Structure formats: structure tokens, C-alpha cells
Amino acid sequence: MAKETNMYDRYFFQLLDSKPNAALEQIFAHYGGSLEKYIRRFIYDNDDLVKDVLNETLIVIWEKRQLVAKLEAPVYWMQRVAKNKALYYIRGEAKYNKISLDNGLDMASGQCADDRFAYNELEMLILEACEELPPQDRELVIKSKFEGRSNKELMATYGMAEKTVKNKLSRALKVIRKKLKDLMGLFV
């Protein structure tokens with residue numbers, strides 16, 4: 001989108017006060033394509049998600065139409081909303097699209113034996129690093145990362161607050177990362 005905001009840019013957004021339906025149609029007609037390209041800077045491999053973010057952005061414009069109509073730079077505001085929505089979706093997907101360590105055990109038969117060996121070796125290094133943890137922290141890591149248990153399940157099992165579970169896992173994973181970094185440094 002152009003870096004300069006002119007009266008023509010503001011005109012469609014100012015119409016949100018008096019003719020909101022027509023204004024939203026005009027905003028979509030004039031900025032929809034460029035806003036979609038802007039969203040693709042953050043989400044480049046999922047067309048449906050790009051459309052969802054674009055629609056969510058238009059919904060926010062509709063819900064805040066009185067505020068948007070008075071903005072000096074509504075195009076930039078619209079871009080910021082689109083960016084925030086895109087990042088929100090990306091964070092949400094990243095949270096639920098974690099790859100389990102078990103996935104490597106089901107490698108396709110065409111995979112190289114070296115890959116399987118490297119995976120098994122890495123798994124062993126992780127388990128070795130877990131051995132240096134206090135017993136309860138080790139159990140939390142193993143149940144969380146290897147068995148796929150949620151923090152709420154761990155909270156119920158060990159009678160801890162969810163924040164305590166998160167903090168213990170975070171500290172334990174830092175120790176494991178440091179140990180792996182030290183071990184991997186030996187091989188490089």
C-alpha cells in the first residue's frame with residue numbers, strides 16, 4: 001500500500017459514519033487486493049487463512065466504524081489490525097501444530113537409516129539430559145514432551161497450580177537445551 005495517506009484514502013473511511021455499508025464495500029473494493037498482499041507477507045502458504053484474516057480485519061473495521069471514521073491515517077490502522085490478526089492466527093497454529101518426538105519413529109520406509117539413527121541418538125541425548133533434572137521435573141518433562149500430556153493433566157496428577165507446572169517445565173527445558181547445546185558443541 002502507498003506510504004502516503006491522502007484525502008482520497010480517508011474519504012472511504014469517513015463514509016463509515018454516514019453510509020457504513022457502502023463505505024465498507026468501497027474500502028474492500030479499493031484496498032482488498034493490496035491488503036491481501038500485505039497479509040501474505042505474514043501468511044504465505046494458506047489461502048483460506050489469508051481470507052479469514054482479511055474478513056476479520058473488515059469485521060473490526062465494521063465494529064469500530066465510528067472510531068475509524070475519525071482517524072487521520074485509517075489505512076495504516078487497517079494494516080496494523082490485519083498484521084495483528086495474522087500474527088494472532090500464526091501464534092495459534094504454532095501452539096497446536098507442535099511435532100511430537102514420536103513422529104520420527106514412524107518415518108516412511110524410504111527414509112535413510114542414518115536419519116533414523118540420528119533421531120534415535122537425539123532422543124537418547126534428550127533423555128540423558130533429563131537424568132540431570134530433579135525427579136519431579138524429569139517426570140513432568142517426560143510426561144509432557146514424550147507422552148503428550150497437557151499442563152492441565154499434569155496439574156491434576158501432581159496437585160500443582162498450572163503456573164507452577166509451566167514454570168517447572170520452562171526451567172527444565174532450559175537445562176535440557178543448555179545440556180544439548182554443550183553436547184552438540186562437541187560434535188561440531
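Everything numeric here is computed off the predicted structure, so don't read it as measured data.
- For the pair Val68 and Val60, the minimum side-chain heavy-atom distance is 4.5 Å or more.
- The CG atom of Asn151 lies 6.0 Å from the OG atom of Ser144; values are rounded to the nearest 0.5 Å.
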Q) Under the side-chain hydrogen bond (donor to acceptor under 3.5 Å, both in side chains) criterion, do Glu56 and Tyr88 qualify, and how do the steps go? A) CA-CA 11 Å; Glu56 289 285 329; Tyr88 175 78; over 6 Å; no

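- The minimum heavy-atom distance between Asp137 and Lys168, with the atom names listed, is OD1-NZ, 3.3 Å.
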Using side-chain contact (heavy atoms from CB on, under 4.5 Å), reason through Thr57 and Arg80 one step at a time and then give a plain yes or no.
CA-CA 9 Å; Thr57 302; Arg80 178 59 58 113; over 6 Å; no

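- Checking side-chain atoms of Thr157 against main-chain N and O of Glu153 turns up a donor-acceptor pair under 3.5 Å.
- Counting all heavy atoms, side chain and backbone alike, Ala82 lies closest to Leu35 at CB-CD1, 3.8 Å.
- Distance CD/Glu36 to CG/Asp47: 7.5 Å, rounded to 0.5 Å.
- Note that OG1 of Thr164 is 12.0 Å distant from CG of Leu154, once rounded to the nearest 0.5 Å.
- Between Val50 and Ile43 the shortest heavy-atom distance is CG2-O, 3.3 Å.
- The shortest side-chain heavy-atom distance between Ile61 and Val81 does not fall under the 4.5 Å cut-off.
- With a 4.5 Å cut-off on side-chain heavy atoms, Gln136 and Met160 count as touching.
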Q.
Under the criterion side-chain contact (heavy atoms from CB on, under 4.5 Å), I'd like the reasoning laid out for Phe13 against Leu71: C-alpha separation, chi angles, the key distance, then a yes or no.
A. CA-CA 8 Å; Phe13 291 94; Leu71 291 175; over 6 Å; no

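- Annotation: the span from Asn84 atom CG to Phe42 atom CZ amounts to 9.0 Å, rounded to 0.5 Å.
- Annotation: cation-pi geometry satisfied between Arg65 and Trp62 (NZ/CZ under 6.0 angstrom from ring centroid, within 45° of ring axis).
- Residue Ile59 is not grouped with residue Val53 when hydrophobic side chains (ILVMFWY) are merged at heavy-atom distances under 4.5 angstrom, including chains of intermediate members.
- A heavy-atom distance below 4.5 Å is found between the side chains of Ile27 and Met78.
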> When you look at Arg171 and Val175, which way does the side-chain contact (heavy atoms from CB on, under 4.5 Å) test go after all the steps?
Replying inline: CA-CA 6 Å; Arg171 280 193 302 266; Val175 169; 5.8 Å; no

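- One finds the CG atom of Leu49 at 7.5 Å from the CD1 atom of Ile90 (value rounded to the nearest 0.5 Å).
- Looking at every heavy atom in both residues, Lys179 comes nearest to Ala129 through CG-CB, 3.6 Å.
- Distance check: Met155 CE to Glu162 CD gives 5.5 Å after rounding to the nearest 0.5 Å.
- Minimum heavy-atom separation, Tyr38 to Gln79: CE2-O, 3.3 Å.
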